[in-house]
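Worksheet: the structure to be examined is printed underneath.
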Amino acid sequence: MSEETNTQEAPVTEPENNEPQISLADFSAALQVIDVCTQRGAFRGEELSSVGQLRDRINAFVQHHAPAKEEGKATEEATEEVAEETAE
């Protein structure tokens with residue numbers, strides 16, 4: 001008796017990249033959130049220095065990694081769109 005085994009290979013698929021991603025637009029949105037929260041009085045006085053320091057570090061990172069001037073305008077417009085969505 002011969003047993004035949006039909007083995008079907010599973011289709012080869014690309015491995016999913018579930019690695020979290022973050023972009024300069026995300027950091028810009030975080031800056032906008034901090035600014036809006038500050039304007040609305042969401043932070044207590046004793047929290048302001050640490051919030052300000054965080055904002056300064058994020059802002060320095062965004063400014064350092066921002067694209068060149070020509071591309072920067074597009075990034076600025078995208079940041080404004082994110083800010084408008086965040087404000088709503």
Side-chain angles (χ1 to χ4, degrees):
M1 296 179 135
S2 67
E3 292 182 22
E4 291 184 27
T5 308
N6 291 338
T7 57
Q8 296 179 358
E9 293 183 26
V12 177
T13 59
E14 295 292 320
E16 291 184 25
N17 186 2
N18 292 331
E19 182 178 325
Q21 300 291 318
I22 193 162
S23 68
L24 285 178
D26 295 324
F27 284 112
S28 295
L31 287 174
Q32 295 297 322
V33 168
I34 291 171
D35 291 343
V36 169
C37 290
T38 301
Q39 291 171 351
R40 295 181 182 173
F43 303 111
R44 294 188 302 236
E46 63 269 12
E47 298 169 330
L48 291 177
S49 62
S50 54
V51 170
Q53 289 172 0
L54 174 62
R55 187 195 184 287
D56 290 344
R57 289 194 316 264
I58 293 172
N59 189 46
F61 181 86
V62 169
Q63 295 300 318
H64 180 75
H65 290 88
K69 292 271 184 180
E70 292 176 357
E71 295 175 10
K73 186 174 181 181
T75 302
E76 186 176 307
E77 290 172 358
T79 300
E80 290 174 2
E81 290 176 11
V82 170
E84 290 172 3
E85 292 174 6
T86 305
E88 294 173 357

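Because the structure is predicted, anything quoted here is derived from the model rather than measured.
Side chains of Val51 and Cys37 form no contact here, defined as non-hydrogen atoms less than 4.5 Å apart. Asp35 places a side-chain heavy atom less than 4.5 Å from the side chain of Arg55. Two residues are said to be in side-chain contact when any heavy atoms from C-beta on lie closer than 4.5 Å; Phe61 and Leu24 meet this criterion.
The CD1 atom of Ile34 sits 12.5 Å away from atom CD of Gln39, with the distance rounded to the nearest 0.5 Å. Taking NE2 from His65 and OG from Ser23, the interatomic distance works out to 12.5 Å, rounded to the nearest 0.5 Å. Atom OG of residue Ser49 and atom CG of residue Leu54 lie 11.5 Å apart, to the nearest 0.5 angstrom. The distance from the CG atom of Leu31 to the CG atom of Asp26 is 11.5 Å, given to the nearest 0.5 Å.
In this structure, the side chain of Glu47 engages the main chain of Arg44 through a donor-acceptor pair within 3.5 Å.
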